[in-house]
Amino acid sequence: MGSSMSASGAAGARAQLSAPAVDVAPHLLGALVTTVLPDGVVTVRLTEVEAYEGERDPGSHAFRGRSARNAVMFGPAGHLYVYRHMGLHHCANVVTGPDGTASAVLLRAGEVVEGRDLAFERRTRRGVARSDVDLARGPARLADALGLDLTHYGADVLDPAGVVRLTPADPPPRWLTGPRVGVGGAGGDATAFPWRFWLADEPTVSVYRPAPPPRRR
DNA sequence: GAAACGATTTGCT
DNA sequence: GCAAATCGTTTCT
């Protein structure tokens with residue numbers, strides 16, 4: 001499979017992404033995400049992701065059904081779901097599962113392997129880039145380093161000519177799992193599922209933060 | 001039409 | 001370690 005990466009490769013990759021997010025997530029570890037924007041090219045190697053199972057998952061944005069914001073998650077796999085968080089930040093997901101389901105994988109952290117200077121510059125503009133390790137450690141930092149924002153909502157990451165490209169890698173030999181970050185209050189039981197995946201011995205993996213206590217509405 | 005909340009990050013005490 | 005920043009989306013009256 002190595003040499004040719006055109007239509008058939010994309011089709012195969014799309015088929016793999018069409019599995020449930022929980023199955024796809026570990027396969028994305030080690031994969032490369034590349035953005036080709038007017039100001040340059042940045043590539044990140046994914047070291048941490050989280051699975052979200054759509055309508056049946058209290059922690060998912062799609063739990064309460066389809067809306068204008070999460071519509072892309074209900075579509076075919078391989079597209080980008082970008083949302084704005086806390087007014088300031090952006091987070092990016094890769095849509096998974098068959099067309100009609102709303103599962104997706106949140107890109108939580110990665111290692112910048114190409115375009116380090118550009119990523120550093122973007123992060124410095126937004127805030128303070130302390131070190132290379134911090135460039136893409138955390139979902140909003142990752143999106144910033146890649147230059148992702150709402151204009152990339154729905155982008156096809158398997159389009160070789162697209163501005164956002166996902167390059168699958170060989171499945172990592174070993175990874176770790178644990179509870180997801182920051183979604184404890186939403187469903188309670190949701191945190192019982194180890195739907196966070198990360199690579200061992202990676203300094204770029206974001207630090208674990210205990211979920212906030214449940215709060216009634 | 002109005003109010004509350006959030007898959008976070010950063011800065012300050 | 002804790003609280004503020006900041007604003008679109010969702011939900012309720």
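In what follows, every chain begins at residue 1, and chains take the letters A, B, ... in the order their sequences are listed.
Base-pairing analysis of DNA chain B finds the following stems of at least three consecutive Watson-Crick or G-U pairs, with both pairing distances under 3.5 Å: B:1-6 with C:7-12, B:8-12 with C:1-5.
Across all strands shown, A:R123 has heavy atoms under 4.0 Å from sugar-phosphate atoms exclusively, and none from any base.
In this structure, CZ of A:R64 is placed 14 Å from C1' of B:dG6, rounded to the nearest angstrom. Regarding A:D149, its CG atom lies at a distance of 19 Å from the P atom of B:dT8, rounded to whole Å. For the pair A:R84 CZ and C:dG8 P, the computed distance is 6 Å after rounding to whole Å. Counting to the nearest Å, the P atom of B:dT8 and the CG atom of A:L107 are 13 Å from each other. Going from atom CG of A:D134 over to atom C1' of B:dT8 covers 14 Å, rounded to whole Å. As a whole-Å value, the separation of A:R66 CZ from C:dT11 C1' is 19 Å. Nucleotide B:dT8 holds its C1' atom 11 Å from the NE2 atom of A:H61, rounded to whole Å. Per the geometry, NE2 belonging to A:H89 stands 14 Å off C1' belonging to C:dG8, to the nearest Å.
With contacts defined as side-chain heavy-atom distances shorter than 4.5 Å, the pair A:D149/A:V82 does not qualify. In this structure the side chain of A:V44 reaches within 4.5 angstrom of the side chain of A:L142, judged on heavy atoms.
At a cut-off of 3.5 angstrom, the base of B:dA7 holds no donor-acceptor pair with the side chain of A:H85.
Between the side-chain ring of A:Y83 and the base of B:dA7, no stacking contact exists by the 5.5 Å and 30° definition.
Side-chain N/O atoms of A:S67 include one lying less than 4.0 angstrom from OP1 or OP2 on C:dT10.
Under the side-chain hydrogen bond (donor to acceptor under 3.5 Å, both in side chains) criterion, A:R56 pairs with no residue at all, not counting sequence neighbours.
Under the 3.5 Å distance criterion, the side-chain polar atoms of A:D144 are left unmatched by any main-chain donor or acceptor of A:R123. Judged by distance alone, with hydrogens and angles left aside, the side-chain atoms of A:R14 form a donor-acceptor pair with the main-chain N or O of A:A77 at under 3.5 Å. Not a single donor-acceptor pair under 3.5 Å links the side chain of A:N70 to the backbone N or O of A:S60.
Aromatic rings of A:Y83 and A:H90 (six-membered ring for Trp) have centroids beyond the 6.0 Å cut-off, not under it.
Distance from the side chain of A:M86 is smallest for C:dA5 among the nucleotides B:dA7, C:dA5, B:dT10. Of the candidates C:dA5, B:dA7, B:dT9, C:dA5 carries the atom nearest the A:L88 side chain, counting heavy atoms from C-beta on.
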